[in-house]
*Asks:* 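Quick one: the structure is below, and I'll ask about it shortly.
The model shown is predicted, which means the values in this text are computed figures rather than measured ones.
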Amino acid sequence: MIPLRQFRAQHNLPETFSVEFFEPKDYTGLADIRHAAPQLNQLRQMVLNVCPKSLTLETINQLAQTFRAALEKYNPSIGLKPVEIDYAVAGFSDVLQAFLYACLRANAEKMPPPAFDTVYQTWLNDSQRVAAREFPYNDWIVQIIHNAYGRVGLLVRFPDGRSIAVADNTLACPAERFTFHLLQEIVEQLTE
């Protein structure tokens with residue numbers, strides 16, 4: 001994906017050209033982590049305190065249960081709906097499972113363990129989808145690109161058949177960086 005700013009400059013587009021222009025976000029009833037830094041830090045510590053010595057499907061399930069318990073404990077400060085907690089826990093578990101399987105493959109091939117960043121980015125890329133809805137803009141067709149954390153960009157199709165993916169994660173879930181760093185810390189503890 002190319003940065004939104006760069007795409008706007010290349011095509012002389014207004015600042016309003018963005019994901020939000022095509023699909024405005026309704027913030028009514030959404031969770032908010034902006035004022036929950038102390039609770040997020042406690043959640044992080046709660047999960048890291050039970051970090052096992054090795055990564056297995058059983059320990060992934062234990063970590064996921066602890067992550068769920070921590071989310072539920074600190075959720076009054078965040079405001080997630082039950083389905084959003086389920087989704088967060090499923091993603092947390094999926095990433096750890098992806099890392100476990102990547103390690104098993106590397107071990108079978110007598111290779112060093114994979115870099116967590118690479119496994120995470122592959123998982124995130126695999127979650128990417130282009131929405132079916134099409135928006136006409138000038139003589140282009142624009143579609144919204146989603147990943148596990150929400151709307152993250154635009155796919156712009158030109159009349160000549162070319163397509164460009166444009167990054168715009170301003171409406172994506174703000175907890176993505178927190179979750180990435182927590183998972184990264186877990187993996188670092190496990191690989192020590």
*Asks:* Test side-chain contact (heavy atoms from CB on, under 4.5 Å) on Phe180 and Asp117; report intermediate values, then the result.
*Replies:* CA-CA 9 Å; Phe180 168 78; Asp117 296 11; 3.7 Å; yes
*Asks:* Is there a path from Leu171 to Val156 through hydrophobic residues (I, L, V, M, F, W, Y) whose side chains come within less than 4.5 Å of each other?
*Replies:* yes
*Asks:* Only pairs at least two apart or in different chains count here, so list each side chain to side chain donor-acceptor pair (under 3.5 Å) that has a residue in residues 93-106.
*Replies:* Ser93-Gln97
*Asks:* Of all residues at least two apart in sequence or in a different chain, which pass the salt bridge (charged side-chain N to carboxylate O under 4.0 Å, His left out) check with Asp160?
*Replies:* Arg162
*Asks:* Counting neighbours of NZ on Lys73 that are heavy atoms of other residues, nucleotides or ligands and sit closer than 6.0 Å, is the number greater than 12?
*Replies:* no
*Asks:* Quick one: does Ile78's side chain get under 4.5 Å of Asn75's, heavy atoms only?
*Replies:* yes
*Asks:* Atom CD1 of Ile186 and atom CG of Leu63: how far apart are they, to the nearest 0.5 Å?
*Replies:* 5.0 Å
*Asks:* Measuring from atom CD1 of Ile33 to atom CG of Leu43, what distance do you get when rounded to the nearest 0.5 angstrom?
*Replies:* 11.0 Å
*Asks:* Side chains of Leu182 and Phe67: closer than 4.5 Å at any heavy-atom pair?
*Replies:* yes
*Asks:* Between Glu176 (side chain only) and Cys173 (backbone N and O only), is there a donor and an acceptor less than 3.5 Å apart?
*Replies:* no
*Asks:* Would the distance check show the side chain of Arg8 and the main-chain N or O of Phe17 forming a donor-acceptor pair, the cut-off being under 3.5 Å?
*Replies:* yes
*Asks:* Among residues at least two apart in sequence or on other chains, which ones pass ring-ring contact (aromatic ring centres under 6.0 Å, His included) with His11?
*Replies:* Phe7, Trp140, Phe158
*Asks:* Establish whether Ile2 and Ile141 are linked, either directly or via other cluster members, by ILVMFWY side-chain heavy-atom contacts under 4.5 Å.
*Replies:* no
*Asks:* So which heavy atom on Val152 is nearest to which on Met1, and how close?
*Replies:* O-SD, 4.0 Å
*Asks:* Without swapping roles, check the side chain of Ser77 against the backbone of Ala36 for a donor-acceptor pair under 3.5 Å.
*Replies:* no
*Asks:* Of all the heavy-atom pairs spanning Arg157 and Ser163, show the shortest one and how long it is.
*Replies:* CG-OG, 3.2 Å
*Asks:* Can Asn49 and Gln45 be counted as having a side-chain donor-acceptor contact under 3.5 angstrom?
*Replies:* yes
*Asks:* List the atom of Gln143, the atom of Arg133, and the distance in Å for their closest heavy-atom pair.
*Replies:* CG-O, 3.4 Å
*Asks:* Which pair of heavy atoms, one from Leu71 and one from Ala88, lies closest together, and at what distance?
*Replies:* CD1-CB, 4.0 Å
*Asks:* Step through the shown structure and confirm whether more than 12 heavy atoms of other residues, nucleotides or ligands are within 6.0 Å of CD on Glu15.
*Replies:* no
*Asks:* For residues Tyr120 and Val95, determine if any side-chain heavy atom of one lies less than 4.5 Å from a side-chain heavy atom of the other.
*Replies:* yes
*Asks:* Just wondering, do Val50 and Gln62 contact through their side chains at under 4.5 Å, heavy atoms?
*Replies:* no
*Asks:* Side-chain contact, heavy-atom cut-off 4.5 Å: Phe21 with Phe135?
*Replies:* no
*Asks:* Would a 4.5 Å heavy-atom cut-off, applied to side chains only, mark Asp86 and Arg68 as touching?
*Replies:* yes
*Asks:* When rounded to the nearest 0.5 angstrom, what distance separates CG in Asp168 from CD1 in Ile145?
*Replies:* 10.0 Å
*Asks:* Which pair of non-hydrogen atoms, one from Thr59 and one from Ser54, has the smallest distance, and what is that distance?
*Replies:* OG1-O, 3.1 Å
*Asks:* Taking Tyr87 for the side chain and Ala148 for the main chain, is one N or O donor matched with an acceptor at less than 3.5 Å?
*Replies:* yes
*Asks:* So does Arg5 have more than 12 non-hydrogen atoms from other groups sitting under 6.0 Å from CZ?
*Replies:* no
*Asks:* So, taking the atom named CZ in Phe92 and the one named OG1 in Thr179, what distance separates them when rounded to the nearest 0.5 Å?
*Replies:* 8.5 Å
*Asks:* Just by modelled atom types, is the Ala64 backbone N or O under 3.5 Å from a matching donor or acceptor in the Thr66 side chain?
*Replies:* no
*Asks:* For Leu4, run the side-chain contact (heavy atoms from CB on, under 4.5 Å) check against Val19, Thr170, Asn169, Val166 and tell me which one passes.
*Replies:* Val166
*Asks:* Taking all atoms of both residues into account, what is the closest heavy-atom pair of Met46 and Ala70, and its distance?
*Replies:* SD-CB, 3.6 Å
*Asks:* Hydrogens and angles aside, do Asn125 and Gln121 bring a side-chain donor and acceptor to less than 3.5 Å of each other?
*Replies:* yes
*Asks:* Which value, rounded to the nearest 0.5 Å, describes the distance between Ile144 atom CD1 and Glu23 atom CD?
*Replies:* 4.5 Å
*Asks:* Hydrophobic clusters here meaning ILVMFWY residues chained together by side-chain heavy-atom distances under 4.5 Å, can you tell me if Leu183 and Leu40 are in one?
*Replies:* yes
*Asks:* Distance-only, no hydrogens or angles: does the Asn147 side chain make a donor-acceptor pair with backbone N or O of Ser127 under 3.5 Å?
*Replies:* no
*Asks:* Less than 4.5 Å apart, any side-chain heavy atom of Leu96 and any of Val187?
*Replies:* yes
*Asks:* Distance from His181 atom NE2 to Glu185 atom CD, nearest 0.5 Å?
*Replies:* 9.0 Å
